[in-house]
2 protein chains.
Amino acid sequence: MREFLKTKGFKMTPQRELIFRSFFELDRHVSVDELYDKVRQQDNTIGYSTVWRNLKLICKVGLAEEVNLGDGVTRYDRVTQGPHGHLYCLQCKELVEFDVEPVLEFLTVAADEHKFAPDGIKIEIQGHCAKCRKANKKKARPVDQPAAKRLAEKRP
Amino acid sequence: MREFLKTKGFKMTPQRELIFRSFFELDRHVSVDELYDKVRQQDNTIGYSTVWRNLKLICKVGLAEEVNLGDGVTRYDRVTQGPHGHLYCLQCKELVEFDVEPVLEFLTVAADEHKFAPDGIKIEIQGHCAKCRKANKKKARPVDQPAAKRLAEKRP
DNA sequence: ATTGAAAATGAAATTCGATTTCATTTGGCT
DNA sequence: AGCCAAATGAAATCGAATTTCATTTTCAAT
Ligand SMILES: [Mn+2]
Ligand SMILES: [Mn+2]
Ligand SMILES: [Zn+2]
Ligand SMILES: [Zn+2]
């Protein structure tokens with residue numbers, strides 16, 4: 001890593017070392033705040049801006065990319081294999097990935113038809129994960145009598 | 001429109017009238033600022049927050065939805081027919097739509113496999129539109145000798 | 001037509017994540 | 001050891017989104 005950065009003209013520091021290591025250890029899709037918290041557990045003198053800058057750096061050297069899910073916080077997604085889609089639970093914010101290989105061809109053609117030169121694609125499905133739905137059902141049942149009644153009445 | 005809103009419990013006002021009308025006349029994917037500017041041409045007393053609130057209202061009643069392209073500004077996309085994808089030019093910010101009907105089935109299955117209940121999908125291709133690429137090529141050619149040279153040297 | 005409660009408006013203030021500034025320290029080099 | 005560009009941390013700034021609040025307006029019931 002030190003060598004890799006050196007070739008790109010960046011220096012290694014204890015803070016950077018810790019931030020990089022923590023980022024790659026952690027699950028993907030971390031926000032600045034999340035990584036900041038994690039890093040702080042090891043060294044509570046590290047500044048927020050240093051974490052932010054190093055996440056940007058990780059992106060700049062191509063090891064991660066920013067992900068925006070429209071909830072106001074930028075997440076950093078480690079670049080691994082190929083492109084993938086995201087299943088984003090609106091309730092618990094869990095983010096799981098899924099393979100999109102089968103639709104790549106179609107999208108490429110679509111871009112082509114519009115004479116568009118694609119740089120990247122983004123495929124997201126927002127909804128509710130199994131866990132949250134189960135939890136909701138349990139909670140809703142006992143109190144949702146009115147709804148149940150309404151439903152029943154509508155069925156002739 | 002007045003009636004439609006009334007049934008949902010909202011009142012009609014001159015400002016709302018103008019804002020709604022302008023939004024539907026305007027091209028899709030407008031930001032608050034853009035709509036604010038347009039509306040201001042008719043009535044320069046309307047406040048920014050009123051425009052913002054009414055765009056939110058248009059979404060709430062299901063006539064539009066927010067679009068986030070990760071460039072920091074929220075746009076409002078009129079809901080028309082079915083779901084569609086976006087080709088987003090990183091340079092001129094142009095946004096063109098394309099049909100995604102053929103991939104819907106695949107995505108539904110993908111969500112299903114993860115026991116995800118989808119509420120919405122988002123498909124974006126970011127890149128450069130034909131116009132921008134053409135413009136770039138014209139500008140780049142005369143000065144990009146170094147790059148061309150570099151390329152030539154790398155080819156053995 | 002009058003009236004009163006609820007909703008809407010406009011200006012200003014606030015929020016909050018992202019980004020920049022700046023004084024100081026540090027890493028990697030000769 | 002000594003230089004200098006890069007890196008750091010704290011604080012300041014930015015900007016879009018959202019809220020607050022005093023005032024006005026809508027509209028349904030009188
Ligand atoms: Mn991912
Ligand atoms: Mn659209
Ligand atoms: Zn969930
Ligand atoms: Zn363009």
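To find a chain, count down the sequence lines: A is the first, B the second, and so on, and within it residues start at 1. All values below were derived from every heavy atom in this structure, side-chain atoms included, with hydrogens, water molecules and symmetry-related copies excluded.
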If you assign Phe10(B) and Arg40(A) each to the DNA chain D nucleotide with the nearest heavy atom, which residue ends up on the more 5' nucleotide?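 Going by which nucleotide is closer to the 5' end, it is Arg40(A).
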
For atom [atom1] of [X] and atom [atom2] of [N], their distance in whole Å:
| X | N | atom1 | atom2 | value |
| --- | --- | --- | --- | --- |
| Arg2(A) | dG27(C) | CZ | C1' | 8 Å |
| Asn54(A) | dG27(C) | CG | P | 14 Å |
| Lys8(A) | dA7(D) | NZ | C1' | 19 Å |
| Ile19(B) | dA7(C) | CD1 | C1' | 15 Å |
| Asn44(B) | dT9(C) | CG | C1' | 15 Å |
| Trp52(B) | dA11(C) | CH2 | C1' | 15 Å |
| Leu18(A) | dG27(C) | CG | P | 14 Å |
| Asp71(A) | dC16(C) | CG | P | 15 Å |

Please compare Met12(B) and Pro14(A) by the position of their nearest nucleotide in DNA chain C and report the one closer to 5'. Met12(B)

Which nucleotide wins on minimum distance to the side chain of [X], given the candidates [options]?
| X | options | answer |
| --- | --- | --- |
| Arg53(B) | dG9(D), dG27(C), dT9(C) | dT9(C) |
| Thr13(A) | dT19(D), dG10(C), dG27(C) | dG27(C) |
| Lys11(B) | dG10(C), dT8(D), dA7(C) | dA7(C) |
| Lys6(B) | dA18(C), dA28(D), dA16(D) | dA28(D) |
| Thr50(A) | dT9(C), dG17(C), dG9(D) | dG9(D) |

Measure across Phe116(B) and Cys89(A) and return the closest heavy-atom pair with its distance rounded to 0.1 Å.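 What the structure gives for the nearest pair is CZ-N, 3.5 Å.
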
Where is the tightest heavy-atom contact between Ala111(B) and Ile125(A), given as atom of each residue plus distance? CB-CD1, 4.2 Å

With respect to the phosphate group of [N], does any side-chain polar atom (N or O) of [X] fall under 4.0 Å of OP1 or OP2?
| X | N | answer |
| --- | --- | --- |
| Lys56(A) | dT19(C) | yes |
| Thr74(A) | dA18(C) | yes |
| Gln15(A) | dG9(D) | yes |
| Arg16(B) | dT9(C) | yes |
| Tyr48(B) | dT18(D) | no |

Mind checking whether Phe106(B) and Phe98(A) have parallel, tilted or perpendicular rings, split at 30° and 60°? tilted

Quick one: do the His86(B) and Asp77(B) side chains pair a donor with an acceptor below 3.5 Å?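 A pair is found: one side chain offers a donor N or O, the other an acceptor, under 3.5 Å apart.
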
Could you check whether Ser31(A) gets within reach of a base, just the sugar-phosphate, or nothing at all, counting any heavy atom under 4.0 Å?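 Touches nothing.
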
If the threshold is 4.0 Å, N to carboxylate O, is there a salt bridge linking Arg75(A) and Glu34(A)? yes

I'd like to know whether Ser31(A) forms a side-chain hydrogen bond (donor to acceptor under 3.5 Å, both in side chains) with Asp33(A), so could you lay out the CA-CA distance, the side-chain angles of the two residues, the decisive distance to 0.1 Å, and finally the verdict. CA-CA 5 Å; Ser31(A) 63; Asp33(A) 276 308; 5.1 Å; no

Between dA11(C) and Ser49(B), counting only base atoms on the nucleotide and side-chain atoms on the residue, is there a donor-acceptor pair under 3.5 Å?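 Side chain to base: pair found, below 3.5 Å.
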
